[in-house]
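The sequence lines fix the lettering, A, B, ..., with proteins before strands; numbering per chain opens at 1.
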2 protein chains.
Amino acid sequence: MHAILARVTTPGGEIAEIFGHLLRRSTRDHLYARLTAGLDGSLDQATYPVISGLARYGPRSAAQLADDIGLDRSVVSRHATRLAQAGLIERLPDPADRRAILLRLTGPGQQAVRQMRARLAAVFDEYLATWPPGEAARFAASLRRLSEEGPFLG
Amino acid sequence: MHAILARVTTPGGEIAEIFGHLLRRSTRDHLYARLTAGLDGSLDQATYPVISGLARYGPRSAAQLADDIGLDRSVVSRHATRLAQAGLIERLPDPADRRAILLRLTGPGQQAVRQMRARLAAVFDEYLATWPPGEAARFAASLRRLSEEGPFLG
DNA sequence: TATTGTTATACTCTATAACTATA
DNA sequence: TATAGTTATAGAGTATAACAATA
């Protein structure tokens, strides 16, 4: 009788349910493992937002980057140390503020980010090629709009 | 130059980038906080997959549910204890296997899941009402297909 | 011998607090 | 006084290992 609850069948209900699945730990682990497989050992689920944020926003202090990616500056500082030891980022003094230290991708760091991005994009594009023409592009546009405007996703 | 890396501009590249953002801890925390605000204290980011899984799949043993939701059975067992203490689920002997203990939603547990689902669905639907007619439904259908068929999301 | 539920333990990731240096 | 980076500490969440009970 009530062993299984009926879902909410509106678009919002469908999206919410699927997001719940995407946010599951096992899904995240799987995605990050795929993303970083074979690359430097310093690249994992924890350091990815740091190096990816630097690639996206450009050189920044730990405090700035922490604000951008939603982590505490102490966490960014620790991950930055790992990435710097691996030679993927470098620390350099901020000419405008002697308290701050800018974090910046090195050449190998840029290459690593390019690899991760290209790898993940290829995995999705290969699958999306099975969709009807235009559907993938429409979907990507809607997803971007939702992520930028939508509730607690922006 | 090269301070900011160029993105992958294919649909797959766009989707991958946005998923990376959605999976960020701060985004997850925000979503789960919204989902469980004002409800029983046993409902949080950790117990949600357990109670949600029972609602989705029906009464199950901890080992079965652990497999369904991608957690270890020891973790499911611990979260189940919290949910049971709150009266949201109950443990009952499995008539088919005396080693197993079935986990099942109680009435209040069903009500809690309905509330969480309805709440999240409403938040999305309210925003999606700003989209052109039909776009939300098309997007939800594509998202469902991607989550069911797509790389490491199924 | 294999599997279930449970508990103890260890590990990872994060936030908070505290410290020094600089604005 | 406020903010930068860093480090020590504590907290949350998970997996692993080990146990007794049952298949």
Check your understanding: Going by distance alone, is a donor N or O of one side chain under 3.5 Å from an acceptor N or O of the other, for B:Arg91 and B:Thr81?
Key ->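 Indeed, the side chains of B:Arg91 and B:Thr81 share at least one donor-acceptor pair under 3.5 Å.
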Practice item. Output every pair passing salt bridge (Lys or Arg N to Asp or Glu O under 4.0 Å) with a member in residues 29-56 of chain B, not counting sequence neighbours, ordered by first then second residue. Key: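 Non-adjacent pairs meeting salt bridge (Lys or Arg N to Asp or Glu O under 4.0 Å): A:Glu17-B:Arg56, B:Arg25-B:Asp29, B:Asp44-B:Arg82.
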Practice item. Only pairs at least two apart or in different chains count here, so list each salt bridge (Lys or Arg N to Asp or Glu O under 4.0 Å) that has a residue in residues 63-79 of chain B. Key: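 Listed once each, the pairs are B:Arg60-B:Asp68.
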Excluding sequence neighbours, so at least two apart, what forms salt bridge (charged side-chain N to carboxylate O under 4.0 Å, His left out) with [X]?
| X | result |
| --- | --- |
| B:Arg98 | none |
| B:Glu126 | none |
| B:Arg119 | none |

Practice item. Specify the separation, in whole Å, of atom CZ of B:Arg25 and atom P of C:dC13. Key: 11 Å
**Study point:** Between C1' of C:dT14 and CD of A:Gln45, the distance in whole Å
**Key:** 13 Å
Point to revise | Residues in side chain to side chain donor-acceptor pair (under 3.5 Å) contact with B:Ser61, at least two apart in sequence or another chain | key: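 Side chain to side chain donor-acceptor pair (under 3.5 Å) list for B:Ser61, sorted by chain: B:Gln64.
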Exercise for review: Give me the residues of residues 48-79 of chain B where at least one heavy atom lies under 4.0 Å from an atom of DNA chain C, by number, or none.
Suggested key: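 Contacts with DNA chain C under 4.0 Å: B:Ser61, B:Ala62, B:Ala63, B:Arg73, B:Ser74, B:Ser77, B:Arg78.
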**Study point:** Listed partners of B:Pro132 passing side chain to side chain contact (heavy atoms under 4.5 Å, CB included), at least two apart
**Key:**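 Partners of B:Pro132 by the side chain to side chain contact (heavy atoms under 4.5 Å, CB included) criterion, ordered by chain and then number, come out as A:Arg145, B:Glu135.
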Point to revise | Within residues 25-84 of chain B or reaching into it, pairs that qualify as ring-ring contact (aromatic ring centres under 6.0 Å, His included) - sequence neighbours excluded | key: A:Phe152-B:His30, B:Tyr32-B:Tyr48
**Study point:** Set of residues satisfying ring-ring contact (aromatic ring centres under 6.0 Å, His included) with respect to A:Phe139, sequence neighbours excluded
**Key:** A:Trp131, B:Phe139
Point to revise | Boundaries of the DNA chain D segment in contact with chain A, non-hydrogen, under 4.0 Å | key: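 Listing 5' to 3', DNA chain D meets chain A from D:dA2 to D:dT14.
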Exercise for review: Specify the residues of residues 84-101 of chain B, ordered by number, for which at least one heavy atom lies under 4.0 angstrom from an atom of DNA chain D.
Suggested key: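 Residues of residues 84-101 of chain B that come under 4.0 Å of DNA chain D are, in numerical order, B:Asp97, B:Arg98, B:Arg99.
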